[in-house]
Undergrad: 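The structure's right below; bear with me while I get my questions together.
Keep in mind that this is a model prediction, so the values were computed, not measured. Values reported hereafter were calculated over all heavy atoms of this structure, with side chains retained and with hydrogens, waters and symmetry mates removed. In each ligand, atom 1 is the first atom listed, and ligand 1 is the first ligand listed.
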Amino acid sequence: MLPPLMAHRKVTILGIETSCDETAAAVVSNGTEIRSSVVASSAALHEKYGGVVPEIASRAQVENIYPVIKEALDEAAVGPQDIDAVAIANQPGLTIALVVGVTTAKTLAFMWEKPLIAINHLHAHLQSALLDEPEMVPPAVALIVSGGHTSLYACTSPLELTRLGSTQDDAAGEAFDKVASILKLPYPGGPSIEKAAQNGNPKAHSFPRSMLGRDSLDFSFSGIKTAVLYHCRGQDMKGDDRVDAMSDREIADIAASFQAAVVEVLVKKTQRAADRMDAKTLLLGGGVAANTALRSALQTMANNTKRRLLVAPRPYCTDNAVMVASLAYHKYRAGLFAEMTLEPSASA
Ligand code: KG4
Ligand code: ZN
């Protein structure tokens, strides 16, 4: 049954996000009016492992979910009576982390007698590019670059997405994290590499740009990670780890050269997809979208090809629940609700 849509009344949605190491809740009205956004991250707990440990992430989700939702409701000064629907990112992600949010969202929807809305985490990342300017000119090509995924989508509206290509091995963010770990820079690696790269020469080293053939819209980032590893440890991997002996300048040059190679591939593939789709608009979202070099290279490409680039605002590039509640508004308007039997799913 469709909830009544009254033109004069705002639609206010509680969004919940627990797909990996962030626990997030947000209250958003009419898709773009952000009334609260709360994010608790367990990233610091994963730092010594150089990557997310699922068991630790899941425990942190359980600890954080209740206070995070309470804070989001309090900050927005709303109660259950003001909420029209509960939205949850139920895929993709770590199943043992997703299940915490899915169970909580189902419980709240049941107790409050509100509709439940299931959101694809990647589609929500794309939606965050539309927060500032919801009326995009279609067709659009969207690049979603995160720690777990790197994909290109054709998009005619927030709910109409077709995947054009994705990574065949590491995600772009994962490559940033792994290279940061090789260079002994702090986790998460993306911001660390970006910071180190500021003082480096992006042309110092020529790391491989894997294009996977003339027509491919897929990505591969495991080769570049290995190239950096060989560079630091020698081709046979038997040499000493040279990183400890490297100067800050040498580290900066590797970081800048690595970042330049990843950005070049991302921009070229996005242009390839946009040319093929005759796209008028480009969308950029996901954690790696916070990267200034990527944002400015895509902006240059958009200017040169006379396309409009819409980028997720920085606070909503990495995982958050605003993007979940924002996309849920479109599903609410379309009457696309989930059953109480909703399950988490690791795959997209
Ligand atoms: O979207 P996100 O929060 O989580 C996933 O859905 O995976 O993305 C996290 C990823 C991490 O790999 C992190 O290193 C990367 O985004 N990241 C960045 C930057 N900020 C975060 N990568 C490059 N430059 C950044 N400034
Ligand atoms: Zn994400």
Undergrad: Under 4.0 Å from a heavy atom of Glu194: which atoms of ligand 1 are those, numbered in the order shown and with their elements?
TA: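 What qualifies from ligand 1 is 24 (N), 25 (C), 26 (N).
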Undergrad: Could you check whether any heavy atom of His121 sits closer than 4.0 Å to an atom of ligand 1, since that is the contact criterion I want to use?
TA: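 His121 counts as a contact of ligand 1 under the 4.0 Å cut-off.
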Undergrad: Please step through side-chain hydrogen bond (donor to acceptor under 3.5 Å, both in side chains) for the pair Ser19 and Glu17, ending with a clear verdict.
TA: CA-CA 6 Å; Ser19 66; Glu17 155 64 45; 2.6 Å; yes
Undergrad: In the single-linkage hydrophobic clustering (I, L, V, M, F, W, Y; side-chain heavy atoms under 4.5 Å), do Val78 and Val322 co-cluster?
TA: no
Undergrad: With heavy-atom distances below 4.0 Å as the criterion, list the atoms of ligand 1 near Gly173.
TA: 12 (O)
Undergrad: Name the option, out of Ser192, Gly287, Ala171, that contains the heavy atom nearest to atom 21 (C) of ligand 1.
TA: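 Answer by nearest heavy atom: Gly287.
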Undergrad: Answer yes or no for His121: is there an N/O/S atom below the 2.8 Å cut-off from the Zn ion (ligand 2)?
TA: yes
Undergrad: Which atoms of ligand 1 sit under 4.0 Å from any heavy atom of Gly148?
TA: 7 (O)
Undergrad: Check the angle between the aromatic planes of His125 and His121 and answer parallel, tilted or perpendicular using the 30° and 60° thresholds.
TA: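 Rings of His125 and His121: perpendicular, as their planes differ by over 60°.
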Undergrad: Applying side-chain hydrogen bond (donor to acceptor under 3.5 Å, both in side chains), run through Thr23 and Thr18 and close with a yes or a no.
TA: CA-CA 5 Å; Thr23 312; Thr18 64; over 6 Å; no
Undergrad: Out of curiosity, is His149 lining ligand 1, as in a heavy atom under 4.0 Å away?
TA: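 No, His149 has no heavy atoms under 4.0 Å from ligand 1.
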Undergrad: Considering only protein heavy atoms, which is closest to atom 7 (O) of ligand 1, and at what distance to one decimal place?
TA: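 Result for atom 7 (O) of ligand 1: Gly147 N, 2.8 Å.
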Undergrad: Report yes if Phe176 has an N/O atom closer than 3.5 Å to an N/O atom of ligand 1; otherwise report no.
TA: no
Undergrad: Side chain, backbone, both or neither: which applies to Asp177 and ligand 1 if a contact is any heavy-atom pair less than 4.0 Å apart?
TA: side chain
Undergrad: Quick one: closest heavy-atom pair of Tyr187 and His46, and the distance?
TA: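 Scanning both residues completely, I find the closest heavy atoms to be CE2-CB, 4.1 Å.
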Undergrad: With the side chain counted from C-beta on, respond yes when Ile13 and Val27 share a heavy-atom pair under 4.5 Å apart, and no when they do not.
TA: no
Undergrad: Which is closest to atom 24 (N) of ligand 1 by heavy-atom distance: Asn291, Thr150, Asp170, Asn320?
TA: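 It is Asn291 whose heavy atom sits nearest to atom 24 (N) of ligand 1.
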Undergrad: For the 3.5 Å polar cut-off, considering only N or O atoms, please tell me whether Gly190 and ligand 1 meet it.
TA: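 Yes; at least one N/O pair falls below 3.5 Å.
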Undergrad: Would Phe219 and Lys269 count as a side chain to side chain contact (heavy atoms under 4.5 Å, CB included) here? Give the steps.
TA: CA-CA 8 Å; Phe219 299 92; Lys269 293 261 169 162; 3.6 Å; yes
Undergrad: Quick test of your reading of the model: are Lys114 and Asp84 salt-bridged, counting only N-O distances below 4.0 Å?
TA: no
Undergrad: Treat each ILVMFWY residue as a node, draw an edge where side-chain heavy atoms are under 4.5 Å apart, and state whether Leu164 and Val288 are in one component.
TA: yes
Undergrad: Assess the residue pair Glu343 and Gln91 against the criterion (side chain to side chain contact (heavy atoms under 4.5 Å, CB included)); give the C-alpha distance rounded to whole Å, side-chain angles, the decisive distance to 0.1 Å, and a yes or no.
TA: CA-CA 9 Å; Glu343 299 261 1; Gln91 66 176 107; over 6 Å; no
Undergrad: Please state whether the separation between the Zn ion (ligand 2) and some N/O/S atom of His125 is under 2.8 Å?
TA: yes
Undergrad: Under 4.0 angstrom from ligand 1, any heavy atom of Cys20?
TA: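 No, Cys20 has no heavy atom closer than 4.0 Å to ligand 1.
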Undergrad: Is there a polar contact, in the sense of an N or O pair closer than 3.5 Å, between Asp319 and ligand 1?
TA: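 N/O-N/O distance below 3.5 Å exists for this pair.
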Undergrad: Could you tell me which N, O or S atom of Asp319 is nearest to the Zn ion (ligand 2)?
TA: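 Going by distance to the Zn ion (ligand 2), the closest N, O or S atom in Asp319 is OD1.
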